[in-house]
Each structure stands twice: as C-alpha cells, then as structure tokens.
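For reference, the structure is listed below as structure tokens.
Side-chain atoms are counted along with the backbone in the values below, which use heavy atoms only and exclude waters and symmetry mates. Labels below follow one simple rule: chain letters A, B, ... track the order of the sequence lines, proteins then strands, and each chain is numbered from 1.
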Protein chains: 2
Amino acid sequence: MAAARTTRRNGRRDALLQAAAEVFFEQGYAATSIDAIIERAGGSKRNIYNEFGNKEGLFSAIVRESADNLLSPLVIEEIEGHDLRATLTAFGRHSMDAYMSPTLIGIYRIAVTEANRFPDLVKSFYEQGPGRTAVRLAEVLEAARERGEIQADDCLRLAGHFVGMTRDNLHLQVVLGLRPPPSDEEAREAVASAVEIFLNGVRRSRK
Amino acid sequence: MAAARTTRRNGRRDALLQAAAEVFFEQGYAATSIDAIIERAGGSKRNIYNEFGNKEGLFSAIVRESADNLLSPLVIEEIEGHDLRATLTAFGRHSMDAYMSPTLIGIYRIAVTEANRFPDLVKSFYEQGPGRTAVRLAEVLEAARERGEIQADDCLRLAGHFVGMTRDNLHLQVVLGLRPPPSDEEAREAVASAVEIFLNGVRRSRK
DNA sequence: CGTTTATGGTAATGGTCGTTACCAGTCAAG
DNA sequence: CTTGACTGGTAACGACCATTACCATAAACG
C-alpha cells in the first residue's frame, strides 16, 4: 500500500515538528538553528527542507498545528445547564490550565516576539485562542443578561475583564520565567477569587 | 572643564541608546545587528564597543534605563486624599498609559522573548514595573480594608486581579500588533468599566 | 602647540547559519 | 531484481554578523 510510506512519512514529520517546536519555543525563532533541531530530532537537514521547504515553512506548520491542538478544546465546553458561577469557574479553570501549559506559554512567547515577522500567523493564533475564548464567554454572559442574572452593556468587554483577571500577573510571571506554573491548588484559588469579584461586580448597578 | 567632553559623550551615548532601543524593540535581540543600529544612529561601531563593551552590554543598558524612565513615574502617584474609586481610576489610567506606550510595549515584547537569555534583567524589569505597581496598589487596598470600605483577605491577589482586568485582551492585542493602542477615550471607558466591576465586587461579601 | 581622546569609515577575522549538493545506504513497489 | 523515493551524514556555498584592527580626522585639554 501507499499507506506504509505515508505512515512512515507522517511519523517523521511529527518527530520533526515536535523537536522543532521544543527548540523554537525555548530559544525563539531567530536564535533557533536548523542544526539544533536536527540534533534533537536525528536525521538530516534534507528531511526538513523536503517536508517544509524552509525555516519559515517549518515554523508556520508548528504554530498552526500546535495552536489547533491546544486551543480547540478550550472552546467546546459544557457551559449550559449550570448557573453562572459554576460556568465561570469551569471557564476560568480551563483557560488557566491552557494558558499555563508549557506549550501555550511557548507559543505565547513566540507570538509576542514574531508579531512583526509573521503577522498572519499571530492573527490566527489570537483569533483561534484568546479571541475565540472571549467571544464564547461573551455569549454566555449575554445569555445571563437576558435571563436577568447580570447587568451589562458590553458583554465582550466584560468577558475581556474576566479573562484578564484570571490571567493576571500570574501569567506574566510564568511567561517571564520568574515562577513555575501554579499548582492546581493555586489555580483553583485564583480562579475562585476572580469569579467572586466578577460575579459580585456584575450583579449590581452599572453606574 | 571635563563637562564638555562628558556632555558630548552623553549625547552620543543617548543617541546610541535611543537608536538601539528602536531597533531592538522592533526586531528582537537576536535579529538585531550592530550595523542596523549604526545605520540608524550614524557614526561607527567603535562607538558602541567603546561605550557598552558588547551587544549584551548595550542591550542591558537599554532595558535598565528605559525601564527606569518609564516605570518610576508609575509609582509616585497622588493616591491618598481621594476615595477608592478616584484612586483606582487614576491608577488604572496611569498604568494603562504606561503599558500601552510604544516603549513599554517594546520592552514587554523583548522581556518575554529573552527571558531565558537575560533572566536577571527580566526579573528586575518585573519587580520595578508590574510587580511594584501591584504591591503599591495592594497597600492602597489594605488601607481601604482597614477603613472598612472593602472586604478582602489577600490584597496582593486583589491588586493582581485589578491590573489584570485593566490590561485585559487589549494589551494582548496591542502587543501582538493586531490593533493600535487605545485612544484616550477607549482607555477611559475600559478603566471605568474595570473600576466599576472591581469596586462592586469587592464591596460585598467574600464568600 | 602638542598630546590625548573620541570619531567616522572601511575592511579584516572568525564564526554561525540557511540552504543546496553529493554520496551511500535503505526500503517499499512493480 | 530493479527502479525510484526517502534517509543520514558530511561538506560546500553565500550571506550575515559580532568583534577587532587600521587609518585619518577633529575636538578637547594642558
């Protein structure tokens, strides 16, 4: 079958992608050399150039596939059928887990740095990740508003406030390498605190 | 006097620093060449090596001095003598202005990328900037708690929530180059909204 | 004025890196 | 078995770059 060759080829491709992702996320785009990737993945540089064309092609493939794998599960959550507090808590925990995962920290770092070099990639990263999360959360808030549970005039802005509150300085410190990702315990506390403030803040009068 | 030489030298030094900052913030550390800096600043590479030793020295000087200039005014604000809403609003506006300024966006970008290469620099950036801001705000909240205006158990965490709320997805979008910094109008709205939620959220029961 | 010191410009040195070429081995397909 | 594609390894080519050297000029100081 052709499947055998295809399978082997895909295995190689995945190994290359994974090794390259590690090095890129660790060192940044400019500081990463093809040799360093091959050193980690084994094989020869020809593999990379046959499969991805050049360094940019390899990098684009990484960002696209990693973002897909990591960000998709962020959105398809069970959000209906619970009250707002439970929904927000679940939302906060999931996004906290995602944002703090080493891979997403890596992608975040590189997206920030290479914003000028790869504007399209960065745009799609944002839209599939933080952007989509905020839009989804805004829908939840909108529904709550229609049920009269909260008062709000701009649900998308509110959603932004909420995710900002959960990201917090914690995310910044982790991104800067100043502290390790929070334990489950810490994450739960931080989310609980954010949910509490947000719920109270939103239930009352909007000036 | 020696002042003449010193003055001239300092002028040269500042010109180099400014040009280098522009290029570094635009392109990142690894992708910035000494030639590119000289092209923008004029003169010769000897200037840089005489003044800063090497590329790392130049970069360190930039981060140190830019951070100092930009972050110091963030802390010494008139915060007493007003009620909490006014204080928070002032705080939010000032930190929003600072975080969204092109220079600080540049520093932020490069701090995120070069966290591995320059851990000490990144640490001092955080402590002098976001860290100190949060600590200062926590003191304000602590005072408000003692006056009985708010209920809280961990003021530093609350401070983090507040700055996170003002930073928000807005900051992320600007850092990623997906939108320009907000106008004064937008900034004011965002801060007002965050203050409102935060105040209401914090005034009521902490479960 | 004479000496030191910084400056501008250009080129050399040594190294790294992206990319391509070459060669020898492997393995699936007809 | 033979063909053709893919692989591993090493080396080559060009380009770029950090750093140093060299030289000629101009400013600053005694």
Side-chain angles (χ1 to χ4, degrees), chain A residues 1-63 110 113-114 116-118 121, chain B residues 1-63 110 113-114 116-118 121:
Chain A
M1 288 182 288
R5 190 162 68 214
T6 304
T7 299
R8 187 171 158 218
R9 183 187 172 120
N10 279 352
R12 194 81 193 92
R13 179 187 165 94
D14 288 348
L16 286 173
L17 277 176
Q18 173 160 356
E22 289 173 19
V23 186
F24 274 130
F25 294 164
E26 211 167 276
Q27 321 248 359
Y29 179 82
T32 294
S33 73
I34 304 284
D35 283 313
I37 297 171
I38 284 305
E39 202 174 326
R40 200 172 297 211
S44 124
K45 300 199 243 187
R46 269 267 75 118
N47 307 145
I48 291 183
Y49 286 95
N50 282 339
E51 188 69 33
F52 303 103
N54 56 20
K55 194 180 177 182
E56 276 197 30
L58 172 59
F59 180 71
S60 302
I62 288 174
V63 174
I110 222 159
T113 340
E114 305 303 330
N116 292 317
R117 214 187 315 245
F118 303 99
L121 271 189
Chain B
M1 284 183 291
R5 190 163 68 214
T6 304
T7 300
R8 186 173 159 220
R9 184 189 172 122
N10 280 351
R12 194 80 191 92
R13 180 188 164 93
D14 288 348
L16 286 174
L17 277 177
Q18 173 160 355
E22 289 172 19
V23 185
F24 273 130
F25 295 164
E26 212 166 274
Q27 322 246 358
Y29 180 81
T32 293
S33 74
I34 303 286
D35 282 315
I37 297 171
I38 284 305
E39 202 174 324
R40 201 172 296 211
S44 124
K45 300 198 240 187
R46 268 265 80 110
N47 306 144
I48 290 182
Y49 286 95
N50 283 338
E51 188 68 33
F52 302 102
N54 55 22
K55 195 181 178 182
E56 276 198 31
L58 172 59
F59 180 70
S60 301
I62 287 175
V63 174
I110 224 161
T113 339
E114 304 303 331
N116 292 317
R117 214 188 313 247
F118 303 100
L121 269 190

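- For A:Arg12, a side-chain nitrogen or oxygen approaches OP1 or OP2 of D:dG8 to under 4.0 Å.
- A straight line from OH of A:Tyr29 to P of C:dC17 spans 14 Å, rounded to a whole angstrom.
- Scanning all heavy atoms of the two residues, the minimum distance from B:Ile62 to B:Ala20 falls at CD1-CB, 3.4 Å.
- Within the 4.5 Å cutoff, the side chain of A:Phe52 has heavy atoms near those of the A:Leu17 side chain.
- Across every non-hydrogen atom of A:Ala30 and A:Arg117, the tightest pair is CB-NH2, 4.0 Å.
- As rounded to whole Å, 14 Å separates atom P of C:dC17 from atom CD1 of A:Ile38.
- For DNA chain C, the residues of residues 39-47 of chain A within the heavy-atom distance limit of 4.0 Å (strictly under) are A:Lys45, A:Arg46, sorted by number.
- Considering only residues two or more places apart in sequence or on other chains, B:Arg46 meets the side-chain hydrogen bond (donor to acceptor under 3.5 Å, both in side chains) condition with none of them.
- Residues forming a side-chain hydrogen bond (donor to acceptor under 3.5 Å, both in side chains) with B:Gln27 (at least two apart in sequence, or on another chain): none.
- Partners of A:Asp35 by side-chain hydrogen bond (donor to acceptor under 3.5 Å, both in side chains), not counting sequence neighbours, listed by chain and number: A:Lys45.
- Here C:dT7 presents its C1' atom at 13 Å from CD of B:Glu51, a figure rounded to the nearest Å.
- Atom CD of A:Gln27 is separated from atom P of C:dT16 by 14 Å (rounded to the nearest Å).
- Under the 4.0 Å criterion applied to side-chain N and carboxylate O atoms, A:Arg12 and A:Glu51 are not assigned as salt-bridge partners.
- Using a 4.0 Å cutoff on non-hydrogen atoms, no part of residues 55-63 of chain B comes near DNA chain C.
- In this structure, A:Ile48 places its CD1 atom 9 Å from P of C:dG18, rounding to the nearest Å.
- Taking the ring pair (Phe, Tyr, Trp, His ring centres under 6.0 Å) definition, one finds that B:Phe118 meets it with B:Tyr29, B:Phe59, sequence neighbours left out.
- To the nearest 0.5 Å, atom CG of residue A:Asn47 and atom CD1 of residue A:Ile37 are 12.0 Å apart.
- Separating the CZ atom of A:Arg13 from the C1' atom of D:dC6 is a distance of 16 Å, rounded to the nearest angstrom.
- Between the CD1 atom of A:Ile34 and the P atom of C:dT19 there is a distance of 6 Å, given to the nearest Å.
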